[in-house]
*Asks:* 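Questions regarding the structure given below will be posed in turn.
Side-chain atoms are counted along with the backbone in the values below, which use heavy atoms only and exclude waters and symmetry mates. Order of appearance sets the numbers: ligands from 1, and atoms from 1 within every ligand. All of these numbers come straight from a predicted model, not from anything done at the bench.
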Amino acid sequence: MADPNAFSTVVVPAAGLGTRFLPVTKSVPKELLPVLNIPAIELVAAEAAQAGAERLVIVTAPGKESLARHFQPNPQLEDLLHACGKDALAQLVRRAPGLLSVETVVQETPLGLGHAVACAEPVLTGADDAVAVILPDDILLPADTLTRMAAVRQDHGGTVMCAFTASRDRLGAYGVFDLEDATDTDAPRVRGMVEKPDPALAPSTFACAGRYLLDRSVFELLKRVRPGARGEIDLTDAVVDAIAEGQPVHAIVHSGTRHDIGDPQGMLRAAVDFALSDPAADPTLRDWLGRRLALPV
Ligand code: G1P
């Protein structure tokens with residue numbers, strides 16, 4: 001019998017317009033923009049596969065069909081690369097389709113994160129007792145967050161969230177946690193949560209990062225969530241309802257790196273971080289950066 005605490009499906013909300021990245025997102029889905037040479041959606045798929053997932057359900061919008069194409073094999077290109085001795089590149093081309101099975105569902109109207117996640121419900125199976133969600137704008141390093149969250153669900157059941165410490169002035173951009181014991185760095189229980197609060201009134205400086213391990217029952221709760229003040233159906237509200245029902249909701253605290261690659265500055269930071277961490281990368285980049293930083297702006 002399948003382990004009810006494990007998960008095999010990861011839902012990736014990817015229906016947004018990518019307004020922070022215009023004009024490139026006029027014709028290219030934000031999730032195909034690369035961190036160096038790897039599209040963000042492939043980083044997500046690799047993280048999901050590493051955590052043991054077998055299936056990625058990408059929630060797309062009309063016009064973003066090229067997202068799924070990245071996961072289709074391209075034997076002609078591979079043959080061409082092999083024929084000119086570029087075997088490593090052929091392997092790179094084969095990587096995305098080989099990671100896990102990928103399917104898409106379409107969110108016709110952008111009605112918020114909760115609505116996007118709920119769009120995946122019709123394709124869940126009876127074995128999906130828990131479903132993971134990765135927000136592709138958020139790169140978390142090290143990339144073992146979902147594995148840590150699965151261990152917490154193993155111990156406590158229910159839903160597991162991911163918290164990081166944000167500066168108070170930024171809290172209005174996030175869901176913010178009220179944790180039962182904020183000194184518990186292992187898996188504090190979540191007592192409450194507020195979506196995009198006035199920073200002065202936020203219950204803590206623990207913000208919600210884009211990784212969720214949802215108990216299947218959250219999908220039922222999502223059906224009852226009404227649009228909030230911004231007219232969106234928030235995933236946070238379904239989690240708050242789960243807490244009100246007495247369901248266990250815990251958070252892991254992510255203390256590693258977080259890059260928001262949903263805008264050009266964050267993407268650039270991630271690219272520099274990846275380039276500097278890759279031993280095979282151009283060794284002159286570090287020197288160049290050092291020299292550039294010493295120049296007047
Ligand atoms: C979403 C969630 C928010 C979370 C954030 C993390 O907000 O609603 O709770 O803190 O992702 O990136 P969004 O960035 O979609 O506005």
*Asks:* Could you list the atoms of ligand 1 found under 4.0 angstrom from a heavy atom of Leu113?
*Replies:* 1 (C), 2 (C), 8 (O)

*Asks:* Is it the side chain (CB and beyond), the backbone, both or neither of Asp260 that lies under 4.0 Å from ligand 1, heavy atoms counted?
*Replies:* neither

*Asks:* Heavy-atom distance to atom 16 (O) of ligand 1: which of Arg20, Arg230, Lys196 wins?
*Replies:*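 Of the listed residues, Lys196 has the closest heavy atom.
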
*Asks:* Run the salt-bridge test on Asp138 and Arg258 with the 4.0 Å N-O cut-off and return the result as yes or no.
*Replies:* yes

*Asks:* Does the distance from a Lys or Arg side-chain N to an Asp or Glu carboxylate O, for Asp128 and Arg55, drop under 4.0 Å?
*Replies:* yes

*Asks:* Any protein heavy atom under 4.0 Å from atom 14 (O) of ligand 1?
*Replies:*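 It does not: no protein heavy atom is found less than 4.0 Å away from atom 14 (O) of ligand 1.
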
*Asks:* Can you sort out which atoms of ligand 1 are near Tyr174, meaning under 4.0 Å from one of its heavy atoms?
*Replies:*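 Matching atoms, with element in brackets: 10 (O).
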
*Asks:* Between Lys30 and Asp137, does at least one N-O distance fall below 4.0 Å, as a salt bridge requires?
*Replies:* yes

*Asks:* If you define the side chain from C-beta out and look only at heavy atoms, does anything of Met193 sit under 4.5 Å from Asp178?
*Replies:*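 When only atoms from C-beta onward are counted, Asp178 and Met193 do not touch, as no gap falls below 4.5 Å.
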
*Asks:* Is it the side chain, the backbone, both or neither of Met161 that has a heavy atom closer than 4.0 Å to ligand 1?
*Replies:* neither

*Asks:* Taking everything shown except Gln91 itself, do over 12 heavy atoms lie less than 6.0 Å from its CD?
*Replies:*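 No, CD of Gln91 has 12 or fewer neighbouring heavy atoms, counting only those of other groups under 6.0 Å.
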
*Asks:* Would you mind reporting whether Asp273 and Leu141 have side-chain heavy atoms less than 4.5 Å apart?
*Replies:*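 A side-chain contact exists here, since the closest heavy-atom pair is under 4.5 Å.
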
*Asks:* Assess whether atom CG of Leu17 is packed by more than 12 heavy atoms of other residues, nucleotides or ligands within 6.0 Å.
*Replies:* no

*Asks:* Check for me whether Glu232 has a heavy atom closer than 4.0 Å to any atom of ligand 1.
*Replies:*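 Contact check Glu232 vs ligand 1: negative.
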
*Asks:* Should the proximity of Tyr212 to ligand 1, defined as any heavy atom under 4.0 Å, be assigned to the side chain, the backbone, both, or neither?
*Replies:*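 Near ligand 1, Tyr212 shows its side chain, while the N, CA, C and O stay back.
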
*Asks:* For ligand 1, does Asp234 get within less than 4.0 Å through its side chain, its backbone, both, or neither, judged by non-hydrogen atoms?
*Replies:* neither

*Asks:* Hey, which atoms in ligand 1 end up nearer than 4.0 Å to a heavy atom of Asp138?
*Replies:*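 Near Asp138, meaning under 4.0 Å from one of its heavy atoms, ligand 1 has 6 (C), 12 (O).
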
*Asks:* Any non-hydrogen side-chain atom of Val12 less than 4.5 Å from a side-chain atom of Val59?
*Replies:* no

*Asks:* Compute the shortest N/O to N/O distance between Met193 and ligand 1 and return yes if it is under 3.5 Å, no if not.
*Replies:* no

*Asks:* Quick test: of every protein heavy atom, which one is nearest to atom 11 (O) of ligand 1, and how far off is it to 0.1 Å?
*Replies:*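 The closest heavy atom on the protein side is Leu135 CD1, 3.3 Å.
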
*Asks:* Is it true that Leu235 lies under 4.0 Å from ligand 1, counting heavy atoms only?
*Replies:* no

*Asks:* Which of the numbered atoms in ligand 1 are under 4.0 angstrom from any heavy atom belonging to Arg258?
*Replies:*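 Matching atoms, with element in brackets: 12 (O).
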
*Asks:* Can a salt bridge be assigned to the pair Asp282 and Arg286 using a cut-off of 4.0 Å between side-chain N and carboxylate O?
*Replies:* no

*Asks:* If the threshold is 4.0 Å, N to carboxylate O, is there a salt bridge linking Glu42 and Arg94?
*Replies:*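 Judged by the 4.0 Å cut-off on N to carboxylate O distance, Glu42 and Arg94 do not form a salt bridge.
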
*Asks:* Does the N or O separation between Cys208 and ligand 1 drop below 3.5 Å for any pair?
*Replies:*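 Yes; at least one N/O pair falls below 3.5 Å.
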
*Asks:* Taking Asp260 first and then Arg20, would you say they form a salt bridge - that is, a charged N and a carboxylate O separated by under 4.0 Å?
*Replies:*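 Result for this pair is yes, salt bridge flagged.
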
*Asks:* Heavy atom under 4.0 Å from ligand 1: found in Thr236's side chain, backbone, both, or neither?
*Replies:*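 Thr236 to ligand 1: side-chain contact only, backbone stays beyond 4.0 Å.
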
*Asks:* Is the closest N or O pair between Glu195 and ligand 1 shorter than 3.5 Å?
*Replies:*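 Min N/O separation from ligand 1 is below 3.5 Å for Glu195.
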
